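A short worksheet on the structure shown next.
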Amino acid sequence: MTTLSGAFFGVIHRDLSIAMRHRGDLLNPLFFFLIVVTLVPLGISPEPARLAAMAPGMIWISALLATLLALDNLFQADFADGSLVHLMLSPQPLWLLVLAKIIAHWLVTGLPVVLFSPLLGLMLSLPEAGFLPLLLGLTLGTAVFSLLGAVGAALTVALHKGSVLLSLLVMPLYVPVLIFGTSAVQRAVDGMSYGGVMAMLAAASAFTLLIAPFAAAGALKVGING
Amino acid sequence: MTTLSGAFFGVIHRDLSIAMRHRGDLLNPLFFFLIVVTLVPLGISPEPARLAAMAPGMIWISALLATLLALDNLFQADFADGSLVHLMLSPQPLWLLVLAKIIAHWLVTGLPVVLFSPLLGLMLSLPEAGFLPLLLGLTLGTAVFSLLGAVGAALTVALHKGSVLLSLLVMPLYVPVLIFGTSAVQRAVDGMSYGGVMAMLAAASAFTLLIAPFAAAGALKVGING
Amino acid sequence: MSSQALLEFQALTFERDDWPLFSDLSGAIKVGEILQITGPNGCGKTTLLHILATIQPINVGTLRWKGSDISQCHQSYLADVAFIGHKPGLKLSLTPRENLQWLSKLQPLNRCTSAEALARIGLAGFEDVPCYTLSAGQLRRAALAVLCMTQARLWLLDEPLTALDVQGIADLETLLLAHVEQGGAVALSSHQALTNPAVRTLALDAMAEAEL
Amino acid sequence: MSSQALLEFQALTFERDDWPLFSDLSGAIKVGEILQITGPNGCGKTTLLHILATIQPINVGTLRWKGSDISQCHQSYLADVAFIGHKPGLKLSLTPRENLQWLSKLQPLNRCTSAEALARIGLAGFEDVPCYTLSAGQLRRAALAVLCMTQARLWLLDEPLTALDVQGIADLETLLLAHVEQGGAVALSSHQALTNPAVRTLALDAMAEAEL
Amino acid sequence: MWQWFHKLGSPRWFYHISGKFLPWLALASVVLIVTGVVWGLAFAPQDARQGNSFRIIYIHVPASFLALAGYYVMAAAGAVGMIWKMKLADMVMVAAAPLGAALTFIALFTGAVWGKPTWGTYWIWDARITSMLVLLFLYIGIIALSRSFSTRETSARACAILALVGTVNIPIIYKSVDWWYTLHQPATIKMTGAPSMHPDMFKPLLVMILGFYCFYALVLLLNTRTEILLRESRTTWVKELAEPK
Ligand code: HEM
Ligand SMILES: Nc1ncnc2c1ncn2[C@@H]1O[C@H](COP(=O)(O)OP(=O)(O)OP(=O)(O)O)[C@@H](O)[C@H]1O
Ligand SMILES: Nc1ncnc2c1ncn2[C@@H]1O[C@H](COP(=O)(O)OP(=O)(O)OP(=O)(O)O)[C@@H](O)[C@H]1O
Ligand SMILES: [Mg+2]
Ligand SMILES: [Mg+2]
């Protein structure tokens, strides 16, 4: 018989090996992140002082967009080739398999973004005090992005609509995270304590972790019949 | 027999009716554009003065991203359902059909962005002098985005890679347009003449118009065999 | 209904928007039989299989699995059913072996190893090439390899003969026969006649066509 | 070669990376005949049809259309060939009628109106529903409706019988026969035998399978 | 003319000929680079303002030069491969991409390390630095694309198209970035210009640049040869090569 943990890690392993197979895929969200951050000095201003002021917001916005862009592949690809049906017909609880897919998605998109955010902080002249809250905040925040995004991706899975409808659905949900995340960094840069904001971010992610897999599993059951 | 203009307008008409059919699609790039512009005050700063300073850059960057997001549907959808083969086996010249598809793409993504940019300028407190160059620049610039983007979209059509590889390919090519576009607005706001910059932008778009359809047609012939 | 009935469906009615596809359809899939669902294009074969696999919710009617209502025993039903639809359900960038391996984490596929299954279905030598390099028929074989490995008693197959060559069809028929002889049951849709003696046909009315 | 040969292929060799699919394959598609390409799964039928349709470039060999090299007369060749592949090539969000209408802008489809074509292929009543609501067989019929309308002399069809019901196959065979009787030619791949008298088979060697 | 071209296009011929150049190129690059490094690090005078940290120039500048030149090598090869359908040119292009990307990365990295003692920051949006970053993206795009295709032939052709579009764009990108920088005129430090350099510092730099050129040619040849073997692995001449004599 299949086991709960077997199914869980089986799904994670599968999604990671697909990402590995197209070697580029692992790095792509990262480069997207880099490129967006490059556009800002080009589009707005290369002055270090002005960049520093925008840095927290810009890094967060581009992390958000990087996650978002990778999102439509989360279930869409599985739907198109029919393997989503296998997932849904597994005797294991669907929310668990969905959670596994979300974790794999985060490992491929969120984690690299988190790891490279200090480099981008440097490039945008972010003051040193901001680095720790940036790292912490992005870790929690990208997790929430992946979790909430999964609900949107599940709802739009059968609609053949491209990624824009999806963005439209999930962006409003991302707003609170963005606000908490950037203000934690901003407060740290301004020399204030950021513990409270970070706690709210942590609470938001814990809460999302509790409900998103169920919501996404429910959304999939609805979404798959178009 | 089929005629050149018949095929050309046939393709445009088809792509527009598909966009109409999913009524949302017409509005999606626009909403994306709106949302990105909303994230900026939330993530960075709501102060009018700081917003005004960022406005040209932010509007341009989000126009760029809105085009980019809609780009992977340009050929991908036609490839997935096999209708791209019909396009390629038409006795009419492929570059012409590709150009028709690009024009339809621009009408659905670029044009709404251009039309709504004054509203966003208002929301981001852009000074009045900036509106005309913003409109003119975005008209030319989004055309270049669609044209160059088509080459990338054609190359990646059979790769099942999602939109991230595509972004990676075309973003560097978008840099000059972004620079010319934002600085035209900036110069106008600062009270300088922006005719020269706009001329460069116009030259760039004319040049791209000349080469991009051919490059994209060539890229399609290669890309379709994955 | 006979005690041998694995899956019974009673008074199924299905309509999409205002288009009735079938109404008051009853029947059963019994142990040891192959139920071939036939009917003209668009009569609702795929829809019926989706309903039986609980992918598509039903409007009216009941599904009973081994005598009890399907909503009561959904998990154990899912553990005992293998569904292969129009789409192969394989990740194209993985190899057939890898695909079978992750599927076996989800479903009880342990009657044999994936290499044996692939060899039996005629894909020996293709275990480790990415699936996107397989031809249409090879891809379908890879999808069908699941059947060599599964312990599920009920197989639901939507047009499994599509894209298979003559040898492939013969292989599949052997597989089906072996399965029903061991007490399993199969429901499949197909436009081609099977040579199997255990086949019983369920002809769906062509409402869609009839109405025209 | 006979003067009747529409499309000749000479010494075709095709290899993918280090996998030779066929080597030194020669033959012709003649006026008034249906060339059925047969062979086990993975022997290269789809690949050959893609090569004949000039979708896939060839490594070695020549293609001649009405006696002249295909690169010399590519435009006129394309104007005279109708290709229907594994994928239906229809936009799912448009209706069959709309699909045929835009296709007729690309290819010379003017033997009859799209409504007539859809009726002949058994889709009357479905002209104006979006294609994503069609069943597998209905979708294939919609794709094949092109054949009722096209003026192309050469038809290249990859497994056109897939998903069709018995009536659908009979309709298609009638269509093929009428076409070749009017001086056209057809090359198709299929695992099912056609009842048509004009059929000539080209069996591809199963290199892939043989090597195992 | 056609004969000669055909011969040049033959991977087999190229493989044999290039084998003869290899030892000489290797020797030249080792000698030049070792000379340049020892001279530059040990004998060249200290910089008046920057002290010893300026010595990173001996890597930074040659790497920057070749990073740029490398793109043109790649794009030119892609163009030849596409226009004359020359297999070898395709292979050169595919081989040149990772090498160019590595050099670009080295230029950026050494520049960043140099920036800390000189400007007090690792990164600054200077015109040249920015265009270098865009160049890195162009390289990475090509590498990502080349790895995405399942057959090497299509992969090469796709990359050639992208490289060509990139080539047309590179001067525009450079010009626009330059112009963008002067437009903003941020109050930052300018790079020290080469002409103002002391000749004693400049000579080892020249040697290093030459050495890097040789090294570039060497690695490009090696990469190309690997690519040739990979692509022609089923031909008889490669099989003969692989057999132990
Ligand atoms: C990440 C940072 C940097 C990058 C990407 C970078 C990039 C470049 C490039 C592309 C060149 C070649 C220019 C050409 O071919 O004309 C160059 C040359 C040079 N760089 Fe940098 N650079 C960086 C940092 C620095 C720093 C911090 C210094 C010293 C203060 C410096 C000093 C020089 C000098 C002296 C030259 C050669 C002289 C010249 O051609 O003007 N660079 N750099
Ligand atoms: N993109 C690809 N890359 C590498 N190999 C491929 C690719 N596409 C097909 N092949 C291989 O080429 C061979 C022929 O494939 P093709 O699709 O032409 O077969 P077919 O005769 O149409 O088979 P079927 O009857 O299954 O449709 C197969 O062995 C397949 O593995
Ligand atoms: N998403 C949908 N929305 C509306 N109608 C649909 C949808 N999917 C299928 N239909 C309709 O339901 C009917 C039955 O479709 P189904 O796919 O079950 O037929 P089928 O018997 O499998 O046909 P085939 O032999 O062609 O595979 C068809 O007439 C089709 O038009
Ligand atoms: Mg069906
Ligand atoms: Mg085939």
Side-chain angles (χ1 to χ4, degrees), chain C residues 16-17 19 21 38-50 85-87 118-119 121-127 129 132-142 144 158-159 161-172 189-193 203-204 206-212, chain D residues 16-19 21 38-50 85-87 118-119 121-127 129 132-142 144 158-159 161-171 189-193 203-204 206-212:
Chain C
R16 265 211 190 77
D17 289 336
W19 178 283
L21 208 53
T38 61
N41 290 139
C43 68
K45 301 179 293 298
T46 298
T47 312
L48 180 59
L49 283 168
H50 279 201
H86 270 300
K87 298 170 188 165
L118 289 170
I121 206 82
L123 274 186
F126 290 90
E127 298 93 348
V129 304
Y132 61 75
T133 65
L134 296 180
S135 76
Q138 290 170 333
L139 198 64
R140 178 135 299 260
R141 283 165 189 247
L144 293 174
D158 199 1
E159 305 209 23
L161 308 187
T162 301
L164 288 184
D165 59 19
V166 184
Q167 183 59 42
I169 294 179
D171 289 350
L172 180 63
S189 73
S190 179
H191 297 293
Q192 280 170 268
L204 285 188
M207 293 225 177
E209 304 271 308
E211 193 223 37
L212 304 175
Chain D
R16 267 209 188 78
D17 283 338
D18 44 331
W19 181 282
L21 208 53
T38 63
N41 290 139
C43 67
K45 301 180 292 298
T46 298
T47 312
L48 179 59
L49 282 167
H50 279 198
H86 270 297
K87 297 170 187 166
L118 288 169
I121 205 82
L123 274 186
F126 289 90
E127 296 93 347
V129 304
Y132 62 78
T133 66
L134 296 181
S135 77
Q138 290 169 333
L139 198 63
R140 177 135 300 261
R141 283 165 189 246
L144 293 174
D158 198 0
E159 306 209 23
L161 308 187
T162 301
L164 288 185
D165 60 18
V166 183
Q167 184 59 43
I169 294 178
D171 289 351
S189 74
S190 178
H191 297 293
Q192 281 171 265
L204 284 187
M207 292 224 178
E209 304 270 308
E211 192 224 37
L212 304 176

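Values in this document were obtained by computation on a predicted structure and should not be read as measured data.
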Exercise. Taking atom OG of C:Ser190 and atom CG of D:Asp165, what is their separation to the nearest 0.5 Å?
Worked result: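 Taking OG in C:Ser190 and CG in D:Asp165, the distance rounds to 11.5 Å.
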Exercise. At what distance, to the nearest 0.5 angstrom, does CD of D:Gln192 lie from CG of C:Leu161?
Worked result: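 Rounded to the nearest 0.5 Å, the CD-CG separation comes to 8.5 Å.
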Exercise. Who pairs with C:Thr162 by side-chain hydrogen bond (donor to acceptor under 3.5 Å, both in side chains), at least two apart in sequence or on another chain?
Worked result: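 side-chain hydrogen bond (donor to acceptor under 3.5 Å, both in side chains) check on C:Thr162 returns nothing, list empty.
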Problem set entry | Shortest non-hydrogen separation from D:Ala163 to C:Glu159 and the atoms involved |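 In this case the closest contact between D:Ala163 and C:Glu159 is CA-OE1, 3.7 Å.
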Problem set entry | C:Gln138 versus D:Gly42, closest heavy-atom pair with distance |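 Between these two residues, the closest heavy atoms are NE2-CA, 3.6 Å.
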Problem set entry | Interchain contact, D:Leu164 with chain C, by part (heavy-atom threshold 4.5 Å) |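 Both parts, backbone and side chain.
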For this session: Could you look at D:Gln167 and say if it's the side chain, the backbone, both or neither that has a heavy atom under 4.5 Å from chain C?
Result: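 Interface part for D:Gln167: neither.
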For this session: Please name all residues satisfying side chain to side chain contact (heavy atoms under 4.5 Å, CB included) with C:Glu127, sequence neighbours left out, ordered by chain then number.
Result: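 Partners of C:Glu127 by the side chain to side chain contact (heavy atoms under 4.5 Å, CB included) criterion, ordered by chain and then number, come out as C:Arg97, C:Leu118, C:Ala124.
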Exercise. Can you check whether C:Arg141 reaches D:Asn41 side chain to side chain, under 4.5 Å on heavy atoms?
Worked result: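 In contact.
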